[in-house]
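As structure tokens, the structure follows; a few thoughts come after it.
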Protein chains: 2
Amino acid sequence: MPRPALISREQILDATLAVADEEGLAAVTMRRVAARVGVTAMSLYHHVRDKDDLLDGLVERLLAELVLPEPGLSGEERLHGLAISLRQAAARHPDAFSLLLRRPVATEAALAVREVVYAALRDAGVPDDLVPRTERLISTFVIGFAASEVGGRFAAHDEAVRDADFEWAWRHLSGRLSALTPEPAGAQA
Amino acid sequence: MPRPALISREQILDATLAVADEEGLAAVTMRRVAARVGVTAMSLYHHVRDKDDLLDGLVERLLAELVLPEPGLSGEERLHGLAISLRQAAARHPDAFSLLLRRPVATEAALAVREVVYAALRDAGVPDDLVPRTERLISTFVIGFAASEVGGRFAAHDEAVRDADFEWAWRHLSGRLSALTPEPAGAQA
DNA sequence: ACCTGAACACCGTTCAAGT
DNA sequence: ACCTGAACACCGTTCAAGT
């Protein structure tokens, strides 16, 4: 006889993110997450396939927190807004964020974010055939920077320096989007 | 009575890297590494402080594999050589490489590499006061790119595409080193 | 359909004991 | 000084049993 579910996948992911934030990614265990939702570890297997699926769910959650920029803004403004939003998500969830670099962008949420970036790059003047490649360049830098920050690679610098660093680098990277060429800029001179 | 050591820290790190390469970072356990050098897990604690120290040792090993560029080359050529070398190290040790983004650059080897980059940037024409910041920009991109490749974030693209991507991005990033300004390039026009 | 207890094959680390 | 066995407090996951 069917029995009403006591817990849901959403509740499980809430608990997982909370554990990751409060005690680090290493503390994310099936047993600990289960305890947090008030259930035994084995019960989780009715809602997530295995621990890997649980971690994929964490990535979904992170991407869901990104604030998609207002369509009225310029392409460059939308790109900048997304980048800021990603750094903020990293700051809120430092340990979980490292998962972004360890898992392929295959989820629906990840693909949606990528489409937003594509559109913004086109509006910013990037030639169509360079859009995907430029997206990879920009996202690699932004995710790499955010991961470095929260991972401790920039531990010697406080937040103000990192903020200034990021904005400086961002403007150097984004300031010439409309001048991007298939061949390097220097090769044309 | 003192007893000659059966194993050394170097042997332990050799075994750790081998396990990481063959079976992944998740398979790097004190017990498994110990078994590989022919000893019990507890014996490792006489040569490494704990598992974290073991992982720090892995990072040392990775950095030790970097081919430092010949001093005779130009600043830009030396930077390019280092970047290539880093991508190759990542390809050789895909799982272990992700540790580079999760641990601060505090070891002697890491600081040495940074100094090489500083010198190359100065020779490439970067103004002195922008050198550290530019190093963070470049290393973030290169490490982020290499980590994305081996971590599977670019899994949809094969090696030839990734190679072309990297060289294209690299030339766009490095081609204007001597034109870097404290304020964004666009703000000066 | 959902949840559970018991079990299996693992972990990192401490400690007392051996040489 | 170095290595070990036993032990402690954990893991992820399977399986049979309960409702």
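Convention: sequence-line order gives letters A, B, ...; per-chain numbering from 1.
Remark: C1' of dC3(C) and CD1 of I12(A) are 12 Å apart, rounded to the nearest angstrom. Distance, R49(A) CZ to dG12(D) P: 16 Å, rounded to whole Å. Between the P atom of dT14(D) and the CG atom of D50(A) lies a distance of 8 Å, rounded to the nearest Å. Atom CZ of R9(B) and atom C1' of dA1(D) are 18 Å apart (whole Å). Rounded to whole Å, the distance from CE on M42(A) to P on dA7(C) is 12 Å. As rounded to whole Å, 15 Å separates atom C1' of dC11(D) from atom CG of L25(A). A straight line from CZ of R31(A) to P of dT14(D) spans 13 Å, rounded to a whole angstrom.
Side-chain atoms of L6(A) lie closest to dC3(C) of the nucleotides dC3(C), dT4(D), dA7(D). Side chain of H46(A), nearest nucleotide from dC3(C), dT13(C), dC11(D): dC3(C). Of the candidate nucleotides dT13(D), dT13(C), dC3(D), dT13(C) has the atom nearest to the side chain of A41(B). Checking dC11(D), dC11(C), dT4(D) against the side-chain heavy atoms of R32(A) singles out dC11(D) as nearest. Proximity note for K51(B) (side chain, C-beta onward) versus dG12(C), dT13(D), dT14(C): the nearest is dG12(C).
Heavy-atom neighbours of E22(A) CD from other residues, nucleotides or ligands within 6.0 Å: above the threshold of 12.
One distance of note links OG of S74(A) with NE2 of H80(A); it measures 11.0 Å at 0.5 Å rounding.
Within the nucleic acid shown, M30(A) comes within 4.0 Å of sugar-phosphate atoms alone, with no base atom in reach, counting heavy atoms only.
A donor-acceptor pair is defined here as one N or O able to donate and one able to accept, closer than 3.5 Å; no such pair exists between the side chain of R114(A) and the backbone of A110(A).
The side chain of H47(A) contributes an N or O atom lying less than 4.0 Å from OP1 or OP2 of dC3(C). Contact between the side-chain N/O atoms of Y45(B) and the OP1/OP2 oxygens of dT13(C) is found at a separation under 4.0 Å. An OP1 or OP2 oxygen of dC2(C) is reached within less than 4.0 angstrom by no side-chain nitrogen or oxygen of S43(A). In terms of phosphate contacts, T40(A) brings no side-chain nitrogen or oxygen within less than 4.0 Å of OP1 or OP2 of dC3(C).
Residues D52(A) and I7(B) both approach DNA chain D. Their nearest nucleotides, taken by heavy-atom distance, put I7(B) toward the 5′ side.
Across all strands shown, the partner of dA6(C) is dT14(D), judged by Watson-Crick or G-U wobble contacts whose two distances both fall under 3.5 Å. Nucleotide dA1(D) forms a pair with dT19(C), judged by Watson-Crick or G-U wobble geometry with both contacts under 3.5 Å.
Under 4.0 Å is where a charged nitrogen must lie from a carboxylate oxygen, and between R9(B) and D14(B) no such pair does.
Annotation: F141(A) is not in aromatic contact with F145(B) [ring centroid separation under 6.0 Å not met].
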